[in-house]
Student: 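Here it is, the structure, as structure tokens.
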Amino acid sequence: MRVAPLVAVAVGGFAGGLARYAIGEAWPTRTDGFPAATFAINTSGAFVLACVLLLALEVLPPTTYVRPLLGTGFCGAYTTFSSVAVSSDQLVHHGHSGIAAEYVALSLVAGLAVVVATLAVGRRVVGAVPLGRGGGR
């Protein structure tokens with residue numbers, strides 16, 4: 001087992017967890033309302049992960065550290081899809097089933113839409129800009 005990729009995951013995870021915590025502290029959510037901070041975190045995390053995957057798989061030369069540091073570490077700790085489940089359960093438990101359904105549906109649709117749009121726009125940008133590694137894809 002190689003240690004360096006594990007260190008990259010740990011460093012990225014620390015940064016991602018710290019960012020998520022800071023956003024959660026700065027943007028508290030009422031227990032009976034739409035969990036906007038978690039929604040924003042997961043949607044922005046989908047954007048970051050799409051950028052990371054585009055760069056790591058299609059632009060940058062193969063490395064040992066980009067995906068573990070930013071993909072697995074940062075995005076893995078930053079996004080919190082388990083919180084979607086917990087928040088939804090709490091909303092249903094407190095009689096807010098409509099908000100819970102809206103939250104789950106918007107989380108899935110927004111996350112998927114952000115990834116698809118980011119990859120489409122990113123591939124156009126990468127294809128239009130000559131890069132050091134043979135022009136992108």
Side-chain angles (χ1 to χ4, degrees):
M1 177 183 295
R2 297 178 349 177
V3 174
L6 293 175
V7 172
V9 169
V11 169
F14 178 77
L18 210 56
R20 183 173 94 193
Y21 179 78
I23 292 171
E25 287 293 309
W27 192 357
T29 301
R30 295 184 354 219
T31 55
D32 61 344
F34 187 87
T38 304
F39 178 80
I41 288 168
N42 285 336
T43 304
S44 63
F47 170 76
V48 172
L49 185 57
C51 290
V52 167
L53 291 178
L54 180 68
L55 290 173
L57 298 178
E58 300 182 23
V59 177
L60 299 173
T63 71
T64 307
Y65 305 107
V66 172
R67 287 175 65 181
L69 176 72
L70 298 175
T72 306
F74 183 85
C75 290
Y78 178 69
T79 59
T80 175
F81 289 97
S82 60
S83 291
V84 174
V86 171
S87 296
S88 299
D89 179 60
Q90 290 174 341
L91 286 167
V92 169
H93 183 73
H94 290 100
H96 304 288
S97 299
I99 295 173
E102 174 187 5
Y103 176 50
V104 170
L106 282 176
S107 293
L108 293 173
V109 170
L112 184 59
V114 164
V115 167
V116 169
T118 301
L119 290 176
V121 170
R123 286 182 175 129
R124 283 184 174 258
V125 170
V126 167
V129 177
L131 300 170
R133 193 179 132 206
R137 300 187 326 163

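What you see is a predicted model, and the numbers here were worked out from it, not measured in a lab. Note that the numbering runs from 1 along the sequence shown for the chain.
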Student: Supply the atom-to-atom distance L106 CG to N42 CG, rounded to the nearest 0.5 angstrom.
Tutor: 12.5 Å
Student: Would you name the heavy atoms of L49 and G71 that are closest together and state the gap between them?
Tutor: CD1-CA, 3.9 Å
Student: What distance separates H94 NE2 from D32 CG, expressed to the nearest 0.5 Å?
Tutor: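 Separation between the atoms: 9.0 Å.
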Student: Side chains of V52 and F74: closer than 4.5 Å at any heavy-atom pair?
Tutor: no
Student: Do other residues, nucleotides or ligands put more than 12 heavy atoms under 6.0 Å from the OH atom of Y21?
Tutor: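 Count not over threshold, so no.
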Student: Could you measure the distance from the CD1 atom of I41 to the OG1 atom of T80? Nearest 0.5 Å is fine.
Tutor: 7.5 Å
Student: Hydrophobic clustering (ILVMFWY, side-chain heavy atoms < 4.5 Å, transitive) - are F39 and L91 grouped together?
Tutor: yes
Student: For L55 and V66: C-alpha separation, side-chain torsions, deciding distance, then whether side chain to side chain contact (heavy atoms under 4.5 Å, CB included) applies.
Tutor: CA-CA 9 Å; L55 290 173; V66 172; 5.8 Å; no
Student: Which distance, rounded to the nearest 0.5 Å, do you find between the CG of L119 and the CG of L53?
Tutor: 7.5 Å
Student: Grab the two heavy atoms, one from G33 and one from I99, that are nearest each other, plus how far apart they are.
Tutor: C-CG2, 4.2 Å
Student: What do you reckon, is CZ of F47 surrounded by more than 12 foreign heavy atoms closer than 6.0 Å?
Tutor: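 No, CZ of F47 has 12 or fewer neighbouring heavy atoms, counting only those of other groups under 6.0 Å.
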Student: If you look at every heavy atom in A110 and T43, which pair is closest and at what distance?
Tutor: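 Scanning both residues, the minimum pair turns out to be CB-OG1, 4.0 Å.
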Student: Measuring from atom OG of S83 to atom CD of Q90, what distance do you get when rounded to the nearest 0.5 angstrom?
Tutor: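 Going from OG on S83 over to CD on Q90, the span is 9.0 Å.
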Student: Under the 3.5 angstrom rule, does the side chain of H93 hit a backbone N or O of D89 as a donor-acceptor pair?
Tutor: no
Student: Rounded to the nearest 0.5 Å, how far apart are CG of L60 and CG of L54?
Tutor: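 These two atoms lie 9.0 Å from each other.
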Student: Does atom CZ of R20 have more than 12 heavy-atom neighbours, drawn from other residues, nucleotides or ligands, at distances under 6.0 Å?
Tutor: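 Yes, enclosed.
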Student: Do V11 and L69 have side-chain heavy atoms sitting under 4.5 Å apart?
Tutor: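 Sidechains of L69 and V11: in contact.
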Student: Applying a strict under-4.5 Å side-chain criterion to I, L, V, M, F, W and Y, I'd like to know whether Y78 and V84 cluster together.
Tutor: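 Each belongs to a different hydrophobic cluster.
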Student: Looking only at heavy atoms, what is the nearest atom pair of A100 and V92, with distance?
Tutor: CB-CG2, 3.6 Å
Student: Would you indicate whether the side-chain heavy atoms of T38 and T29 approach each other to under 4.5 Å?
Tutor: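 The answer is no, as the side chains (C-beta and beyond) never meet within the 4.5 Å cut-off.
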Student: V104 and S88: which non-hydrogen atoms are nearest, and at how many Å?
Tutor: CG2-OG, 3.1 Å
Student: Between F81 and V114, is there a shared hydrophobic cluster once you connect ILVMFWY residues whose side-chain heavy atoms come closer than 4.5 Å?
Tutor: no
Student: Restricting to non-hydrogen atoms, name the atom on G17 and the atom on A77 that form the minimum distance, rounded to 0.1 Å.
Tutor: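 Where G17 meets A77 most closely, the heavy atoms are N-CB, 3.5 Å.
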Student: Applying the 4.5 Å side-chain criterion to the ILVMFWY set and letting contacts propagate, would Y65 and V48 be lumped into a single cluster?
Tutor: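 Not linked; separate clusters.
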Student: Consider only side-chain heavy atoms of I, L, V, M, F, W and Y, link residues closer than 4.5 Å, and tell whether L18 and I23 are in one cluster.
Tutor: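 Per the 4.5 Å side-chain linkage, L18 and I23 are not co-clustered.
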